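As the structure is a prediction and not an experimental result, all values here were calculated from the model. Lettering follows sequence order; numbering is per chain, from 1.
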Amino acid sequence: MPEGPSIVILKEAAQPFVGKRIIEVAGNRKIDLQRIHGQTVQEFVSFGKQFLIRLENLTVRIHLLLFGTYRINERKETAPRLCLVFDNGEINFYGCSVNFIAADLDQLFDWSADVRSDSWDPQAAKIKIKHHPDMMVCDALLNQDIFAGSGNIIKNEVLYRIRVHPETLIGNLPDSKLAELITEARNYSFDFLRWKKQFELKKHWQAHTRKKCLRCDLPFSKRHLGKTNRRSFFCINCQVKY
DNA sequence: CCGGTTGTTCAGCG
DNA sequence: GCGCTGAACAACCG
């Protein structure tokens, strides 16, 4: 479900509830959900993989993790972690983390790190990533402080596009390749969003879960790499280790 | 039917 | 206090 672009889709789907009052709250999350009963939705915000529901005096933060799902105006068999009912419908969240944030969102979130947002700042990303010369590029693309919203699919697709081996250290990456890395992290996020909306995301995968390289026809390597130890699909022939 | 995963946090350890 | 590891969470696909 949830790399950043999927959260953008959720935000768009939830728009009918902006300005609406929560007339009923339920869910199996072990916090006092009734705190938000009666509050009005000011706006829905996406930040990376997080979905924020900004209310009058606090914000609900939802993270769908690996398996989280949601339903709008319908319910699943299983009990929702959080259910919000409005006078024009309801939204249900399952298998996710739910927390309340009382702090100012601008203090908490670095909006410039969200690769998919208008606030994305590639120059800021360049400065941040250069602080980690010993970090592998595969870990950098999963670092939410630098590339908020980028996940394992985006990681694999971006590294294949720019022909860089996932174990390349940031400090060894030529400046031109670093620039490509930052540019393509954003580009692929937009492609991901467009394809996901058309229900054809998987069709466009060139690296993720693929068995062989489209460029040279050699078998892909599939290994768990980096400190994040996540699946990497890559071509040792076409992707250069700097 | 089982194994694996588009993710993150936290406890426990050395 | 640090970094590392593994567990926990929980749903769906192949």
Side-chain angles (χ1 to χ4, degrees), chain A residues 1-11 13 27-31 46-52 60-72 74-83 91-101 108-110 113-116 131-161 166 184-211 220-234:
Chain A
M1 193 58 223
E3 295 196 26
S6 298
I7 304 305
V8 174
I9 292 170
L10 163 57
K11 177 186 159 181
N28 60 12
R29 176 73 168 93
K30 293 192 215 76
I31 54 176
S46 62
F47 174 71
K49 299 167 187 169
Q50 302 179 69
F51 181 61
L52 307 172
V60 183
R61 168 167 53 188
I62 292 172
H63 199 305
L64 296 175
L65 304 174
L66 204 49
F67 309 127
T69 51
Y70 62 91
R71 291 290 186 275
I72 292 173
E74 55 184 67
R75 295 182 180 190
K76 305 206 328 173
E77 293 291 319
T78 53
R81 178 68 35 89
L82 176 68
C83 167
I91 185 164
N92 295 288
F93 297 95
Y94 305 86
C96 55
S97 81
V98 178
N99 285 294
F100 294 145
I101 301 173
L108 211 53
F109 297 110
D110 171 10
D114 189 328
V115 289
R116 235 284 321 174
H131 287 152
H132 303 280
D134 297 331
M135 187 184 272
M136 289 181 183
V137 290
C138 61
D139 289 331
L141 278 167
L142 294 175
N143 185 314
Q144 299 301 296
D145 294 328
I146 305 170
F147 298 106
S150 172
N152 208 37
I153 296 170
I154 294 175
K155 175 194 84 179
N156 284 320
E157 293 299 316
V158 167
L159 292 176
Y160 184 70
R161 279 187 174 187
E184 285 305 319
R186 178 167 171 85
N187 282 348
Y188 187 77
S189 296
F190 279 87
D191 288 340
F192 185 123
L193 177 61
R194 190 174 74 253
W195 290 327
K196 178 98 182 171
K197 280 180 175 174
Q198 295 166 351
F199 305 103
E200 56 181 38
L201 179 64
K202 290 183 189 182
K203 192 175 95 182
H204 292 278
W205 286 346
Q206 297 192 319
H208 194 71
T209 72
R210 298 292 295 233
K211 297 277 192 277
F220 261 127
S221 299
K222 174 190 168 185
R223 292 169 57 202
H224 286 73
L225 299 180
K227 293 193 175 175
T228 46
N229 199 33
R230 303 288 303 280
R231 289 202 295 178
S232 289
F233 297 86
F234 58 101

Check: Between A:F109 and A:F47, how do the two ring planes meet: parallel, tilted or perpendicular, split at 30° and 60°?
Finding: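 The arrangement is tilted - the two ring planes meet at 30° to 60°.
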Roughly, in whole Å, what's the span from [atom1] in [X] to [atom2] in [N]?
X: A:N229; N: C:dC4; atom1: CG; atom2: P; result: 12 Å
X: A:H224; N: B:dG3; atom1: NE2; atom2: P; result: 15 Å
X: A:N156; N: B:dG7; atom1: CG; atom2: P; result: 10 Å
X: A:F51; N: B:dG7; atom1: CZ; atom2: P; result: 19 Å
X: A:I62; N: B:dT8; atom1: CD1; atom2: C1'; result: 15 Å
X: A:R29; N: C:dA10; atom1: CZ; atom2: C1'; result: 15 Å
X: A:L66; N: C:dC9; atom1: CG; atom2: C1'; result: 10 Å
X: A:I154; N: B:dG7; atom1: CD1; atom2: C1'; result: 13 Å

Side-chain donor/acceptor of [X] to backbone N/O of [Y], under 3.5 Å:
X: A:Y188; Y: A:E157; answer: no
X: A:E3; Y: A:K49; answer: no
X: A:R81; Y: A:C96; answer: yes
X: A:R29; Y: A:V98; answer: yes
X: A:N92; Y: A:E74; answer: yes
X: A:S46; Y: A:V8; answer: no
X: A:N156; Y: A:R231; answer: yes
X: A:Q198; Y: A:L193; answer: no

Next item on the list: Scan nucleotides 9-14 of chain B nucleotide by nucleotide, 5' to 3', and note B when protein non-hydrogen atoms come under 4.0 Å of the base, S if they reach only the sugar-phosphate, - if neither.
Entry: ------
Note to self: For A:R71 versus A:Y94, what's the shortest heavy-atom pair and its separation?
What the structure shows: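 So the minimum-distance heavy-atom pair works out to CG-CE1, 4.0 Å.
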Next item on the list: Indicate the atoms forming the closest heavy-atom contact of A:A207 with A:F233, along with that distance.
Entry: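 Heavy atoms only, the tightest pair is O-CB, 3.2 Å.
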Check: Could you give the distance from NZ (A:K197) to CD1 (A:I9), rounded to the nearest 0.5 Å?
Finding: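 Going from NZ on A:K197 over to CD1 on A:I9, the span is 6.5 Å.
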Note to self: If I take atom CZ from residue A:F93 and atom OG1 from residue A:T69, how far apart are they, to the nearest 0.5 angstrom?
What the structure shows: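 Here the rounded value is 10.0 Å.
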Between [N] and [M], how far apart are the two [atom1] atoms, rounded to whole Å?
N: C:dA10; M: B:dC1; atom1: P; answer: 23 Å
N: B:dG4; M: C:dG6; atom1: P; answer: 15 Å
N: C:dC4; M: B:dT6; atom1: C1'; answer: 25 Å

Are any of [X]'s side-chain N or O atoms less than 4.0 Å away from OP1 or OP2 of [N]?
X: A:R231; N: B:dT5; answer: yes
X: A:K49; N: B:dT6; answer: no
X: A:R81; N: C:dC9; answer: no

Notebook entry, point to check: Counting side-chain heavy atoms from CB outward, which of B:dG7, C:dA10, B:dT6 is closest to A:F192?
Noted result: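 Nucleotide nearest to A:F192's side chain: B:dT6.
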Check: Looking at the side chain of A:H63, which of B:dT5, B:dT8, B:dT6 is the nearest nucleotide?
Finding: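 Among the listed nucleotides, the one closest to the side chain of A:H63 is B:dT8.
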Can you name the atoms? Protein N/O to nucleotides 11-14 of chain C N/O, anything below 3.5 Å, with the distance.
| unit_1 | atom_1 | unit_2 | atom_2 | d |
| --- | --- | --- | --- | --- |
| C:dC12 | OP1 | A:K76 | NZ | 2.6 |

Next item on the list: Sort and list the pairs that fulfil side-chain hydrogen bond (donor to acceptor under 3.5 Å, both in side chains) and have at least one residue in residues 220-229 of chain A, not counting sequence neighbours.
Entry: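 Non-adjacent pairs meeting side-chain hydrogen bond (donor to acceptor under 3.5 Å, both in side chains): A:D139-A:T228.
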Next item on the list: Applying side-chain contact (heavy atoms from CB on, under 4.5 Å), name anything that partners A:E184, two or more places apart in sequence or on another chain.
Entry: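 Checked A:E184 against side-chain contact (heavy atoms from CB on, under 4.5 Å); matches are A:V158, A:R161, A:I162, A:N187.
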Notebook entry, point to check: Given the rule that a pair is Watson-Crick or G-U wobble with both distances under 3.5 Å, how would you write DNA chain C in dot-bracket, using | for pairs to a different strand?
Noted result: .||||||||.||||
Next item on the list: Hey, which sits more toward the 5' end of DNA chain C by its nearest nucleotide, A:C96 or A:K227?
Entry: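 Nearest nucleotide further toward 5': that of A:K227.
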Next item on the list: Using a cut-off of strictly less than 4.0 Å between a heavy atom of the residue and any atom of DNA chain B, enumerate the qualifying residues of residues 137-153 of chain A by number.
Entry: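 Only A:Q144, A:G151, A:N152, A:I153 qualify.
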